[in-house]
Structures are given as C-alpha cells and as structure tokens.
Amino acid sequence: MNSTQWIIFILIIQVIHFLGTWKLYVKAGRKSWEAAIPVYNAIVLMQIIRRPKWWVILLFIPIINLLMFPVVWVETIRSFGKNKLTDTWLVILTLGFYIYYINYALDVKYIEDRSLQPTTGLGEWVSSIVFAIVAATFVHTYFIQPYVIPTSSLEKTLLVGDFLFVSKFHYGARTPMTTVAAPMVHDTLPLLGIKSYLNKPQLPYFRIPGFQKIKRNEIVVFSWPADTVRQFFVKEKGVKKPIDKKSNYVKRCVGIAGDTLSIIDGYVHINGKRTVLPDRAQPMFFHIVTTKNPLDNNVLNALGRKNFTGYTVRIPKEILQKNNVPKLMEKGTSLDEIKQDSTYVYYTGSFGSDKIKKYLKAEDVRNINLFNLTEAEAKKIEQLTAVESITKFSLKKPSTKIFPQNTNLSGTVDNLGSIYIPKANSTITLTAKNLPLYKKIIKEYEGNTLSQSGNQISINGQVTDKYTFKQDYYWMMGDNRHQSEDSRYWGFVPENHIVGKPVFIWMSIDGINDGISNWKPRWDRLFTTVGGTGEPTSYFRYFLLLLVGYFVFDYFRKKRKSS
C-alpha cells in the first residue's frame with residue numbers, strides 16, 4: 001500500500017466513523033460535523049468519553065491502535081449507558097459496528113457524569129492488563145526489544161542463549177508496516193503456531209530519526225532479506241513475508257553504504273584496506289590441525305572438544321575415477337578440497353556423516369582434522385606437543401552458492417571479489433557483468449521492473465546503463481566465519497530492514513536449545529554490555545544491590561507512612 005492508497009484508506013475509516021457516530025456526538029451536546037473532521041473528531045470523542053486527549057496519539061500508532069480501538073469502542077457505548085457484558089462483547093466482536101445499531105436503532109442518553117472506575121474486581125483487573133499490554137507494546141515497538149541468540153553465527157562474541165535488549169532508538173525506530181498483528185510477538189502466535197499477522201493493509205516504510213548512524217563493525221539486528229519461511233527454524237514451503245515480519249538476524253555490519261568490500265583468505269577488506277575489528281570481536285575460522293598421532297579423546301580434549309568441526313578423509317584418486325565421491329557425500333556434508341598430492345585427494349567431512357563412513361577404513365586419515373578456532377586459540381594450540389602443524393583454512397574453489405549466485409561472479413566464503421555497497425542517491429554504471437549484484441535491489445527492494453536482452457538493460461521500460469539507488473545498504477557477516485549464513489550467501493541488507501542495536505545481555509543460558517533440564521546460567525555474562533572495549537564486565541551484583549536497596553527503602557517508607 002503506497003502513500004496515496006493509505007490516505008484513501010484513512011479517509012474511508014473517517015467516513016465509517018462519521019456515519020456510525022454523528023448522532024451520538026449530537027446527543028453528547030456536540031455538533032454533527034465534528035464527527036467528520038479527521039483527528040479533531042478523535043479529540044472531541046475523548047472529551048465525550050471523558051478520557052485524556054493524549055489517547056488520540058495512541059490511536060494513530062500502528063499495532064498500539066489495534067489495542068486501543070476496542071477500548072475506545074467500549075468506552076463509547078458505556079458513555080451512553082450500555083454497560084452490560086453482552087454489549088461489551090457485541091461491540092468487540094462486531095469490530096465496533098455495534099455502535100451503528102446504538103446510533104440509529106436505540107434512543108440512548110448521554111451520561112455526562114458516569115464513573116470511570118471499574119464496577120467489579122474483574123473489570124479492574126482487565127483494565128490493568130489492557131493498559132499494561134499497551135505500555136509494554138509501545139516500549140517493545142519503539143524503544144527496547146528483547147531478543148535471544150538462536151544460532152552460533154556470532155560465536156564467540158555473542159553466544160547461543162544470550163538474551164539481549166535491542167535498542168530501537170539508536171538508529172531510529174522503524175514504525176510497523178504490518179498494521180494488523182498480535183502485539184509483542186513476531187511472526188507466529190505462541191502455542192498455536194499460526195501466523196500472527198495479516199499481510200494487508202501495509203503502511204509505507206518510515207523510520208523515526210535516530211541519534212546515530214550504523215558504524216562499520218557494529219553488531220546489528222535486522223530483518224533477514226532472504227526470509228521465505230513462515231516460522232524461524234521450521235522448514236516448509238517458501239512464503240513471501242512483510243519486511244517487519246521477516247525473521248530477525250543478528251550479525252556484524254562489516255561494510256556500510258558507500259564502501260567497496262572484498263574478502264581475501266577470510267579477512268574483510270574495505271576500500272582496499274584490511275578491516276581491524278573491535279577488541280571484543282572474536283572471529284573464528286576453520287583451521288586444519290595435523291596431530292602427530294591419530295586423534296584420541298585426550299588430544300581432542302586438549303584441542304577443545306567444542307571446537308572440533310569434522311575430520312578429513314584421504315581418498316585414492318583411482319577411487320575418485322570409479323566413483324563420484326563428492327556427489328555421494330554432498331547432502332548434509334561440508335566437503336571442501338583442502339589438499340592433494342599425486343596419489344590422494346583429501347576431503348573434510350562433518351562429524352557423523354553416514355555417507356563418509358564407508359571410507360573410514362584403511363584410507364582414514366585420523367591425524368588431520370578440522371577445528372573451528374579464533375586466531376588466539378590457534379596460537380595456543382600450535383604450542384601443544386601433540387600438534388604437528390596448524391594452518392588457517394581458506395576456500396579458494398569458486399561456488400555459485402555464494403552471492404550473487406552467478407558463474408561469472410562466483411567466489412567463496414573466504415575469497416570474494418570487489419563489491420560496491422550501494423549508498424542512497426549514488427549512481428552506478430550498469431553492465432551485463434555487474435547486473436547480477438544489483439538485480440535484486442532494483443527489482444525487489446526498490447520496486448522497479450527490470451529486463452535484459454544481451455548487453456541491453458531496461459528499467460521500467462526504458463533502456464539505460466545507469467541506476468540511482470533509493471536507500472542505503474549494508475553488508476552483514478557473522479564472526480563465526482565458516483558457520484554463518486550471511487551476506488556472502490544472500491547479499492545486501494537494505495536500510496528499511498534494520499531493526500536495532502544490541503546494547504545489553506540481561507541473561508545468558510548455556511544449552512538453551514537442549515531442553516530446560518540442561519539449562520545452565522552463564523553468570524559471568526549476566527548484565528554485561530554488548531559494545532565497549534576490554535573484557536565484558538557483569539553488573540549483575542550491582543543490580544542485586546540496587547534491588548535490595550529499593551526493597552529496604554520501600555519497607556521503611558511504608559512503615560513510616562502507617563505509623
């Protein structure tokens with residue numbers, strides 16, 4: 001829905017409101033035309049139902065207004081004496097159209113001095129719950145959103161099971177585009193497992209001004225541009241989702257709008273210079289570790305059992321000629337050629353793969369193994385007497401699985417050619433060669449038609465070799481470089497997909513995906529900041545002291561008040 005369509009939609013709502021309430025306005029001592037003026041009619045209605053005028057603001061805030069409309073409907077009919085539970089349910093279930101019946105069919109009288117206090121304990125409880133939800137939804141949507149790290153793409157910087165507070169106001173809160181959705185849930189209703197929103201109507205994209213821009217190498221939460229699954233972690237047929245209902249991802253923004261990025265042997269280069277990451281960043285890479293003896297439990301424990309990623313299989317070339325080994329092992333197995341000699345080819349395989357077990361016989365090479373390590377860990381391991389050598393793994397064989405999935409621009413997760421990251425209002429020269437990099441931007445993110453015939457490119461029916469971008473774009477990557485699905489696979493992140501900035505870890509649970517009986521709090525990570533320099537410091541003890549101090553103060557305050 002574009003801006004014009006949205007204005008028309010609002011005007012239709014105003015007409016519906018006027019037709020359903022103008023007589024009630026008159027009975028309340030107002031003029032009938034006052035029910036027809038947008039915004040002003042809401043201010044007058046607040047006076048009629050004796051509620052504060054600032055409620056009007058809530059009626060125009062997406063998602064919040066879904067909670068406020070039923071409240072206003074109920075307050076309106078109660079202002080004209082319809083206080084029964086039946087009336088309340090009727091006005092809610094009919095989406096407010098019960099007011100039409102009251103307006104035209106009943107001879108009701110305006111109760112000017114009605115009590116605003118709930119008449120029952122249940123009513124008071126419901127009223128408190130409703131406004132608690134309104135307040136929480138407002139904070140969740142426009143200020144701070146809780147978020148949990150579900151995958152290991154940022155290990156060991158952020159861990160699976162870290163519970164974050166994500167600031168919406170640093171970069172500016174993105175106002176909801178999906179207007180009809182359940183409050184404080186994302187794309188799925190808990191327990192029910194069904195979609196929590198309606199695809200239409202949609203608001204145009206708008207972002208409240210923030211107080212900082214995204215900086216290079218900051219950790220950012222964003223809506224996954226390539227998301228085509230209804231529910232995160234649930235595999236099913238692809239669906240097209242509204243931007244603000246796409247799955248939330250958290251990665252490091254290694255390239256900002258206007259940068260030229262390349263990746264060489266796993267290291268990100270921006271504008272020709274290798275990126276220097278913040279001191280808290282702990283990027284991990286696969287390392288080929290050759291041990292003096294076959295791998296056993298003692299050596300595995302010394303190297304770090306959690307760091308063990310897979311093993312290497314040595315396959316005679318004569319077998320490769322007879323059997324298509326890579327094809328046999330392609331599904332569910334990470335296969336990359338790491339070395340070869342005149343007789344053997346070496347392949348890395350993920351631990352436990354059934355398709356690779358058939359080669360774990362005489363040709364098994366148990367002293368060459370793959371470990372996922374930070375460079376600091378690799379230096380320590382290099383000193384172990386059990387280790388013969390350790391080298392950082394770097395994929396060099398190009399693959400069309402890498403963005404932009406084009407044979408002429410193929411690369412690897414470790415080696416990627418120079419890519420310009422688009423900046424709003426910047427213009428590039430389009431060619432048949434670089435078009436695959438920006439095709440999705442032009443068509444999907446910026447809503448143009450695009451066609452190509454040989455070297456001739458047409459946008460919106462016009463032949464051109466230029467394109468001017470409408471918004472900023474970013475390049476996001478995980479610190480766990482060989483175990484992260486990120487921009488290297490699906491490309492740029494548009495500015496309208498940015499959600500917020502992680503600022504605080506308030507809880508961290510090891511084994512979060514292994515069932516509650518296996519949960520173990522990481523006490524040293526509780527109440528630590530995401531940003532900053534030096535080792536993260538837990539402020540949990542200070543929080544407990546403040547909490548105890550508050551309860552002591554509150555106890556003596558109440559005691560003094562009662563005496």
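For the numbers below, each heavy atom of this structure counts, side chains included, while hydrogens, waters and symmetry mates do not.
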TODO: Give a yes or no on whether Lys439 atom NZ has more than 12 heavy-atom contacts from other residues, nucleotides or ligands under 6.0 Å away.
DONE: no
- [ ] Taking Asn448 for its side chain and Ile442 for its backbone only, find out whether a donor-acceptor pair lies under 3.5 Å.
- [x] yes
- [ ] Verify, without hydrogens or angle tests, whether Lys245 (side chain) and His186 (backbone) share a donor-acceptor contact under 3.5 angstrom.
- [x] yes
- [ ] Please assess Asp244 against Arg174 for the test salt bridge (Lys or Arg N to Asp or Glu O under 4.0 Å), listing each intermediate value before the final yes or no.
- [x] CA-CA 9 Å; Asp244 56 338; Arg174 180 183 64 185; 5.9 Å; no
TODO: Mind checking the CD-CD spacing from Glu218 to Gln212? Nearest 0.5 Å is all I need.
DONE: 5.0 Å
Task: Parallel, tilted or perpendicular, as decided by the 30° and 60° cut-offs, for the rings of Trp73 and Phe69 - done: parallel
- [ ] Would you check, one step at a time, whether the test ring-ring contact (aromatic ring centres under 6.0 Å, His included) holds for Tyr539 with Phe527?
- [x] CA-CA 5 Å; Tyr539 294 94; Phe527 285 69; 8.9 Å; no
TODO: Report yes if the side chains of Ile37 and Phe18 come closer than 4.5 Å at any heavy-atom pair, otherwise no.
DONE: no
Task: Heavy-atom neighbours of Tyr40 OH exceed 12 at 6.0 Å - done: yes
Open item on the list: Treating Arg481 as the side-chain partner and Gly478 as the backbone partner, does any N or O pair qualify as donor plus acceptor under 3.5 Å?
Closed with: yes
TODO: Verify whether one side chain among Thr94 and Tyr101 offers a donor that lies under 3.5 Å from an acceptor in the other.
DONE: no
Open item on the list: Walk me through whether Lys240 and Glu444 qualify under salt bridge (Lys or Arg N to Asp or Glu O under 4.0 Å).
Closed with: CA-CA 12 Å; Lys240 188 171 179 63; Glu444 294 187 30; 5.1 Å; no
Task: Gap between atom OH of Tyr473 and atom OH of Tyr438 - 0.5 Å precision - done: 11.5 Å
TODO: Measure from the side-chain N and O atoms of Lys501 to the backbone N and O of His170, and report whether any donor-acceptor pair falls under 3.5 Å.
DONE: no
Open item on the list: Among Ile512, Ile505, Leu526, exactly one meets side chain to side chain contact (heavy atoms under 4.5 Å, CB included) together with Phe163. Which residue is that?
Closed with: Ile512
TODO: Apply the ring pair (Phe, Tyr, Trp, His ring centres under 6.0 Å) test between Tyr249 and each candidate in Tyr147, Tyr474, Trp224; give the one that qualifies.
DONE: Trp224
Open item on the list: Which label fits Phe165 and Phe504: parallel for a plane angle under 30°, tilted from 30 to 60°, or perpendicular past 60°?
Closed with: parallel
- [ ] Spell out, as yes or no, whether a donor-acceptor pair under 3.5 Å connects the side chain of Thr412 to the backbone of Asn415.
- [x] yes
Open item on the list: Any side-chain to backbone donor/acceptor pair from Gln471 onto Asn496? Under 3.5 Å, distance only.
Closed with: yes
Task: Distance-only donor-acceptor check, side chains Glu495 and Tyr205, under 3.5 Å - done: yes
Open item on the list: Under a 3.5 Å cutoff, is there a donor and acceptor pairing between the side chains of Ser153 and Asn480?
Closed with: no
Task: Pairwise side-chain contact, Thr529 with Pro536, heavy-atom cut-off 4.5 Å (strictly under) - done: no
Task: Min side-chain heavy-atom separation Ser223-Val499 under 4.5 Å - done: yes
Open item on the list: Please check this pair: side chain of Tyr100 against backbone of Ile16, looking for a donor-acceptor N/O pair closer than 3.5 Å.
Closed with: yes
Task: Residue Tyr104 excluded, over 12 heavy atoms near OH under 6.0 Å - done: yes
TODO: Quick one: do Arg522 and Asp162 satisfy salt bridge (Lys or Arg N to Asp or Glu O under 4.0 Å)? Show the steps, please.
DONE: CA-CA 9 Å; Arg522 302 185 186 104; Asp162 279 349; 3.7 Å; yes
Task: Side chains of Trp55 and Lys53 in contact at under 4.5 Å (non-hydrogen atoms) - done: no
TODO: Going by the side chain to side chain contact (heavy atoms under 4.5 Å, CB included) test, name the single residue among Thr275, Leu416, Leu277, Asn217 that passes it with Val268.
DONE: Thr275
Task: All pairs passing salt bridge (charged side-chain N to carboxylate O under 4.0 Å, His left out) where residues 266-280 contributes a residue, at least two apart - done: none
TODO: Say whether, by atom type as modelled, one donor and one acceptor occur between the side chain of Thr157 and the main chain of Gln282 under 3.5 angstrom.
DONE: yes
TODO: Mind checking salt bridge (Lys or Arg N to Asp or Glu O under 4.0 Å) for Lys251 and listing every partner two or more places apart, or none if nothing turns up?
DONE: none
Task: Passing candidate, side chain to side chain contact (heavy atoms under 4.5 Å, CB included) with Val530, options Val250, Val166, Ile219 - done: Ile219
Task: Heavy-atom donor-acceptor pair, Asn65 side chain to Phe60 backbone, under 3.5 Å - done: no
Open item on the list: Rounded at 0.5 Å granularity, tell me how far CD1 in Ile61 sits from CD1 in Ile57.
Closed with: 7.0 Å
Open item on the list: Does any part of the side chain of Asp259, heavy atoms only, come nearer than 4.5 Å to the side chain of Asn271, both counted from C-beta?
Closed with: yes
Task: Short side-chain to backbone donor-acceptor contact, Ser487 and Met476, under 3.5 Å - done: yes
Open item on the list: Is a donor from one side chain sitting under 3.5 angstrom from an acceptor on the other, for Thr429 and Lys466?
Closed with: yes
